[in-house]
Number of protein chains: 2
Amino acid sequence: MRISELAEASGVSLPTLKYYLREGLLMPGAATARTRAEYDGTHLERLRLVRALVESGGLGIAAVRAVIAALDDPPASPHELLGVAHHALPLPVEPIARSEEVVGWMHDLGWESCLRSPLLGALTRAVADVRAAGVPLPDTAVRAYAEAALRLAAVDVAIAARATSPAAALHTVVVGTVMIDPLIAILRRLAQEVESTRVLGA
Amino acid sequence: MRISELAEASGVSLPTLKYYLREGLLMPGAATARTRAEYDGTHLERLRLVRALVESGGLGIAAVRAVIAALDDPPASPHELLGVAHHALPLPVEPIARSEEVVGWMHDLGWESCLRSPLLGALTRAVADVRAAGVPLPDTAVRAYAEAALRLAAVDVAIAARATSPAAALHTVVVGTVMIDPLIAILRRLAQEVESTRVLGA
DNA sequence: CCGGTTGGATAGTGTCGCTATCTGGAACTC
DNA sequence: GAGTTCCAGATAGCGACACTATCCAACCGG
């Protein structure tokens, strides 16, 4: 299809398509002449990915480019997969130096495999920010959140394990990680309503 | 303290302080003269809240203003508390018309108390976006996510229940809801590493 | 009584994600 | 083959946002 058809099929405006081409978020079509190129389903798919990452995932253009670069260059072993995925993704908050407290939590939880993760710096920052905002956050609460997070992660891994190729698995993990965050945020708020009516009665 | 001292104590630049005053995010100090005002600990506290909401929570100025307005006007009953809190908070994604599917999920989960929530439109959108990005998302996965979300919410409610006044509870719920989202996102990624090494072996 | 700070107002900055326009050329239509 | 439509590539502009800078008159502290 031609670019105008791609615009119509994807719902993305033609100037925006050109912008994405310039920024390298969308690969060029097959040139059929010096002023004509042919686009296909892969372009449509890529566009859906880009729009989803930007709109629902809240990623910036540079972050989307990094994600795409990672997806185009999948690791050989499933072992490195998460590392590549998490490295391509921006952190939810700016990390600071990891605190003793969070390292202690990792030990308590038996999460020794995370001790080298740069995410611990982000976790330290997130906890500090919550407390700075005046919300009490005892050890037990973090522990409970972590245990619930493990259940979330079990679902994530189960979904990713169904992928048929490393490339597909990487796609699922990267996109799933960033796009399911808002899904979980919404489910959490709904669950708060459920839980609070349960606790407080009608 | 004077405004310049407030700037130094809070780490927020003086022009930014003036900006927050203009935007109504920071209440005016007690005027000691026509060109002099006195600020105190409450201003420092408010500033910490604003910075946390903006930097860690990712809220815009308008959203912060709405949150602050809600906090300054707490509801009488704990029953309305969540409604006020959720109403003041921006949705993680732009909602669309709720689908039959998500309504069905609410019934399956026994979450009938959510059937009127505007969050269902956002949930519909989030699910559609995940699928548009090419990640399979079966019923069972959403169900499992929802059950984990219920555990998260149980912790939220337990934290909020320890507040001593409706105003404090509202503060905890609003701030906790928006600021703990990134915390959960980070814990989820750490848990993914744990879970994947568990499943894939070393 | 005078240098330095303050409140209030207004204007400017940098970033981001597009959006609009221009140009030369190619393709389709009749 | 003339007329119309479309396209790639390049450049410039826009609107929102979160600040940031500057100016001025008032006023305090020494």
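Per chain, numbering begins at 1; letters A, B, ... match sequence-line order.
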Trainee: With 3.5 Å as the limit, what N/O pairs link the protein to nucleotides 16-23 of chain D?
Mentor:
unit_1	atom_1	unit_2	atom_2	d
D:dA18	OP2	B:Ile61	N	3.3
D:dC19	OP2	B:Tyr20	OH	3.2
D:dT20	OP2	B:Thr16	OG1	3.0
D:dT20	O4	B:Arg22	NH2	2.9

Trainee: Anything under 3.5 Å between a donor and an acceptor, one on a side chain of residues 131-150 of chain B, the other on a protein residue two or more places apart or in another chain? List them.
Mentor:
unit_1	atom_1	unit_2	atom_2	d
B:Arg131	NE	B:Leu137	O	3.4
B:Arg131	NH1	B:Glu101	OE1	2.9
B:Arg131	NH1	B:Glu101	OE2	3.3
B:Arg131	NH2	B:Glu101	OE2	3.1
B:Arg131	NH2	B:Leu137	O	2.6
B:Asp139	OD1	B:Trp105	NE1	3.4
B:Asp139	OD2	B:Trp105	NE1	3.3
B:Tyr145	OH	A:Asp156	OD1	2.3

Trainee: For A:Leu21 and D:dC7, what is the distance between atoms CG and P respectively, to the nearest whole Å?
Mentor: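 Nearest whole value for this atom pair: 13 Å.
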Trainee: Closer than 4.0 angstrom, basic N to acidic O: yes or no for A:Glu195 and A:Arg198?
Mentor: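 Yes, A:Glu195 and A:Arg198 are salt-bridged.
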Trainee: Can you list everything that forms a side-chain contact (heavy atoms from CB on, under 4.5 Å) with A:Ala70? Sequence neighbours excluded, please.
Mentor: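 Result, side-chain contact (heavy atoms from CB on, under 4.5 Å) vs A:Ala70: A:Val84, A:Ala88.
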Trainee: Report the residues that fulfil side-chain contact (heavy atoms from CB on, under 4.5 Å) with B:Ala31, sequence neighbours left out, ordered by chain and then residue number.
Mentor: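 B:Ala31: no side-chain contact (heavy atoms from CB on, under 4.5 Å) contacts found.
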Trainee: Measure all distances between protein nitrogen or oxygen atoms and nitrogen or oxygen atoms of nucleotides 2-5 of chain C, and list the pairs falling under 3.5 Å.
Mentor:
unit_1	atom_1	unit_2	atom_2	d
C:dT5	O2	B:Arg36	NH2	3.4

Trainee: With sequence neighbours left out, what residues match A:Glu8 under salt bridge (charged side-chain N to carboxylate O under 4.0 Å, His left out)?
Mentor: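 By the salt bridge (charged side-chain N to carboxylate O under 4.0 Å, His left out) rule, A:Glu8 matches no residue at all.
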Trainee: Counting runs of three or more consecutive pairs, Watson-Crick or G-U wobble, with each distance below 3.5 Å, where are the stems of DNA chain D?
Mentor: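 Paired runs of 3+ in DNA chain D: C:1-30 with D:1-30.
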Trainee: Quick one: which residue pairs count as a side chain to side chain donor-acceptor pair (under 3.5 Å) with a foot in residues 114-127 of chain B, not counting sequence neighbours?
Mentor: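 Residue pairs with at least one partner in residues 114-127 of chain B: A:Glu55-B:Arg125, B:Arg125-B:Asp129.
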Trainee: With sequence neighbours excluded, what pairs up with A:Arg36 under the salt bridge (charged side-chain N to carboxylate O under 4.0 Å, His left out) test?
Mentor: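 Applying salt bridge (charged side-chain N to carboxylate O under 4.0 Å, His left out) to A:Arg36 gives none.
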Trainee: In whole Å, I'd like the distance from the CZ atom of B:Arg34 to the P atom of D:dC24.
Mentor: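 Spelled out: CZ on B:Arg34 to P on D:dC24 is 17 Å.
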Trainee: Taking side-chain contact (heavy atoms from CB on, under 4.5 Å) as the definition, give me every residue that meets it alongside B:Ala37, ordered by chain and number, with sequence neighbours left out.
Mentor: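 With sequence neighbours excluded, B:Ala37 shows a side-chain contact (heavy atoms from CB on, under 4.5 Å) to B:Tyr39, given in chain and number order.
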Trainee: Name all residues meeting the salt bridge (charged side-chain N to carboxylate O under 4.0 Å, His left out) criterion together with A:Arg162; count only those two or more places apart in sequence or in a different chain, and write none if there are none.
Mentor: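 Partners of A:Arg162 under the salt bridge (charged side-chain N to carboxylate O under 4.0 Å, His left out) test: none.
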Trainee: Throw together a table of side-chain donor-acceptor distances under 3.5 angstrom for residues 11-29 of chain A, partners on residues two or more places apart or in other chains.
Mentor:
unit_1	atom_1	unit_2	atom_2	d
A:Ser13	OG	A:Thr16	N	3.3
A:Ser13	OG	A:Thr16	OG1	2.9
A:Tyr20	OH	A:Arg51	NH1	2.5
A:Glu23	OE1	A:Arg65	NH1	3.1

Trainee: When we call it a touch if two heavy atoms are under 4.0 Å apart, what does B:Ala37 touch: a base, just sugar-phosphate, or nothing?
Mentor: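 Sugar-phosphate contact only.
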